[in-house]
J.: 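Structure incoming, see below.
A quick note: this is a predicted structure, and the numbers were derived from the prediction, not measured. In this chain, residues are counted from 1 in sequence order.
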Amino acid sequence: MLTVNFSIRLTIPVIAAPVLLLPVMTGCRSNSSIAKQQPVATSSPIQFEEISEKAGIRFKNGHQGRSPLNILETAGCGGALLDYDADGRLDMLLIGIQSLSLYRNVSETPPDRPYSRDVPLQFQEVTREAGLTETGYFMGAAVGDYDNDGLPDLLITGYGKTLLYHNTGEKFVNVTEKSGLNFTDPYDWTTSATFVDLDNDGNLDLAIGRYVLFTPRTLQLCDYSGVKAACPPFYYQPQTMRVFRGDGKGRFTDVTRQWGFKDQHGYTLGVAACDFNEDGLQDLYVANDGKPADLWLNRGGGRFENIGEISGTARDREGQPQAWMGVDWGDYDGDGRFDLTVTTFQDQPTALFRNEGNGNFLYSSYIAGVAAPTVNRLGFGVLLADFDGDSRLDMLIANGHVQDTVYQFRPPATYSQPTQCFRNLGNGVFEDVSLTSGEALQREIVGRGVCAGDLDNDGRLDLLVTNLEGVPLLLRNVSPQGDWIGFRIIEKKGGRDSIGARITVIAGDRKIVREVQTGRGYLSASDPRVLIGLKDTPPIQSITIRWSDGRTRKIPVPQRNRYITVSAEEDMP
């Protein structure tokens, strides 16, 4: 596919982009409303060590120096952290431009419990043995056990090829043709996707984002003051998200229109599920590039309503649609309601929408301190996660431009950009700790996807940051540690992870709420286990789990510093 696109670019004439359209792509608008750059912390309790080389990761992406690159070539690459062989250790899937790479975790890390510190992490590539031999122009991954056999299955998205792999326990088998996922158009461009039970029938469904109609006959490059670069998405027809209902046996039926997903804005890059209004039904946020975002409220009974505009999550605080990229949900302010963060184009601050209840959100990027540090970056993958173990959700953003020649026509903007980390101060404000949380965060990469998971089972969240032009960042969390508890929430003994399940921990005056989700950020999937840090946290009074089918149960407070598995059909160990 790369070769085809390269030859196309040489034969199709470059057409100049009209000046009046440039502001949407480049974010050329006044920055007078941007707050003064906040000082960066001089020290940080969040610490990451980059270990990809010594952990045995030999994967590298890149375009071999070819330039300029078109919109397809710079859209990105994701990844996944999943325990594909069910041995209690997280493995790693990396999405290459034309192939997949699966690395098995072969560390001497004790599975689940007891935990161990200072164990060297080691990975071994097992791509071919695991059956992931298909080639194509791949983009991202979604992880979920669609047939409820206790083994995580894989959806791979991409340009002209969307694949479903069934995990047999020994290898992955391509079951796309018989699955009903009928992406047969050679120009179907699927992006972020997530497995989620949207109708509460106990079977995982699929929401799959789609981007633009890009073909050999469409515009390949645009002209910016004499410099060629990728065109903005609005030069192309939008493609829209498709939703498939799963039957639990490997068949999926397209219910996009039947369930009410009509009048979508399209240009979808990010998709993430969450029960943001606590009614026991999973809702969907869809991040659209340059168009208003869509927030699909689940009304039950296969009925969805787009409340993006009325909820306050479709546009920025000035009422403008943004180049929405990656998305994640999480309760950053500790009020028990799930908030929303969405990354954006350069000159557009990363959006933070605070959940005010009753379906209303408040654009809070400025008051939360994330606007000024992010306005000069182009963000893709984003996660709300607790990196320092104090039970408060911090934030990490993978950055990188979409135009590899941008410095030539719009300096000081650059293609490669550093990763950013923000510590939650507990008062609704984030502190930029990017320069003091590890040398790797200062490296300039073309960042795209971000995955979180506890690779060494030590109670600290590690990170995988994918790089479109080089080796990924494998960030081992070496932050000073306090107590913690980890949960794997499953539907039944030996069954699948209960995606959509919610856990609520009451500790003194703190209410810690988490959901089991794998599809987060951008083109990526994270560890389904729920890790709750208890550093400087009052004693726990209660723990309540609500499974994805609505069943609710209080469980005894377990021993700290270990992972436990809790199913809806048996007592906690």
J.: Can you tell which of Asp197, Asp205, Asp199, Asp254 makes a salt bridge (charged side-chain N to carboxylate O under 4.0 Å, His left out) with Arg245?
T.: Asp199
J.: I'd like to check the side-chain hydrogen bond (donor to acceptor under 3.5 Å, both in side chains) partners of Asp91; sequence neighbours left out, ordered by chain and number.
T.: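 side-chain hydrogen bond (donor to acceptor under 3.5 Å, both in side chains) list for Asp91, sorted by chain: empty.
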J.: Go through the steps to decide whether Asn399 and Gln420 satisfy the test side-chain hydrogen bond (donor to acceptor under 3.5 Å, both in side chains), and finish with yes or no.
T.: CA-CA 8 Å; Asn399 297 309; Gln420 291 178 291; 3.1 Å; yes
J.: Minimum heavy-atom separation for Leu281 to Asn200, with atom names?
T.: CD2-ND2, 3.7 Å
J.: List the atom of Leu90, the atom of Asp83, and the distance in Å for their closest heavy-atom pair.
T.: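 Closest approach of Leu90 to Asp83: CD2-N, 3.9 Å.
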J.: For the aromatic rings, using the six-membered ring if either is Trp, is the centroid distance between Tyr211 and Trp189 under 6.0 Å?
T.: yes
J.: Is any side-chain heavy atom of Thr162 closer than 4.5 Å to a side-chain heavy atom of Thr176?
T.: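 Of all side-chain heavy-atom pairs linking Thr176 with Thr162, none is under 4.5 Å.
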J.: At their closest point, which heavy atom of Asp283 faces which heavy atom of Asn298, and how far apart are they?
T.: OD1-N, 2.7 Å
J.: Looking at Trp259, Phe195, Phe183, which hits ring-ring contact (aromatic ring centres under 6.0 Å, His included) with Phe244?
T.: Phe183
J.: Starting from the C-alpha separation in whole Å, work towards a yes-or-no answer on ring pair (Phe, Tyr, Trp, His ring centres under 6.0 Å) for His401 and Phe345.
T.: CA-CA 8 Å; His401 215 280; Phe345 204 81; 5.3 Å; yes
J.: Assess the pair Phe276 and Tyr285: is the distance between their ring centroids shorter than 6.0 Å?
T.: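 No.
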J.: How far apart are the C-alpha atoms of Arg251 and Asn203, what are their side-chain angles, what is the distance that settles it, and do they pass the side-chain hydrogen bond (donor to acceptor under 3.5 Å, both in side chains) test?
T.: CA-CA 11 Å; Arg251 290 287 300 177; Asn203 301 317; over 6 Å; no
J.: Distance only, no hydrogens: is a donor on one side chain within 3.5 Å (strictly under) of an acceptor on the other, for Asn182 and Thr184?
T.: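 No pair is found: no donor N or O on one side chain lies under 3.5 Å from an acceptor on the other.
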J.: Minimum heavy-atom separation for Val402 and Thr74, please, with both atom names.
T.: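 The pair with the smallest heavy-atom distance is O-OG1, 2.8 Å.
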J.: Could you check whether Phe387 and Phe48 have their ring centres less than 6.0 Å apart?
T.: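 Yes.
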J.: Hey, is Asp87 close enough to Arg89 for a salt bridge, meaning N to O under 4.0 Å?
T.: yes
J.: Establish, from distance only, whether the side-chain atoms of Glu469 and Tyr415 form a donor-acceptor pair under 3.5 Å.
T.: yes
J.: Which class fits the ring pair Tyr236 and Phe214: parallel under 30°, tilted 30 to 60°, perpendicular over 60°?
T.: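 Aromatic pair Tyr236/Phe214 classed perpendicular.
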J.: Applying side-chain hydrogen bond (donor to acceptor under 3.5 Å, both in side chains), name anything that partners Thr194, two or more places apart in sequence or on another chain.
T.: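 Partners of Thr194 under the side-chain hydrogen bond (donor to acceptor under 3.5 Å, both in side chains) test: none.
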J.: Salt bridge or not between Arg443 and Glu50? Use side-chain N to carboxylate O under 4.0 Å.
T.: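 Salt bridge between Arg443 and Glu50, a charged N being under 4.0 Å from a carboxylate O: yes.
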J.: Give a yes or no answer on whether the side chain of Asn148 reaches the backbone of Arg496 with a donor-acceptor pair at less than 3.5 Å.
T.: no
J.: Have Glu125 and Thr127 got a donor and an acceptor in their side chains that come within less than 3.5 Å?
T.: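 Present: a donor and an acceptor within the cut-off.
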J.: Is any side-chain heavy atom of Gln417 less than 4.5 Å from a side-chain heavy atom of Ile397?
T.: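 When only atoms from C-beta onward are counted, Ile397 and Gln417 do not touch, as no gap falls below 4.5 Å.
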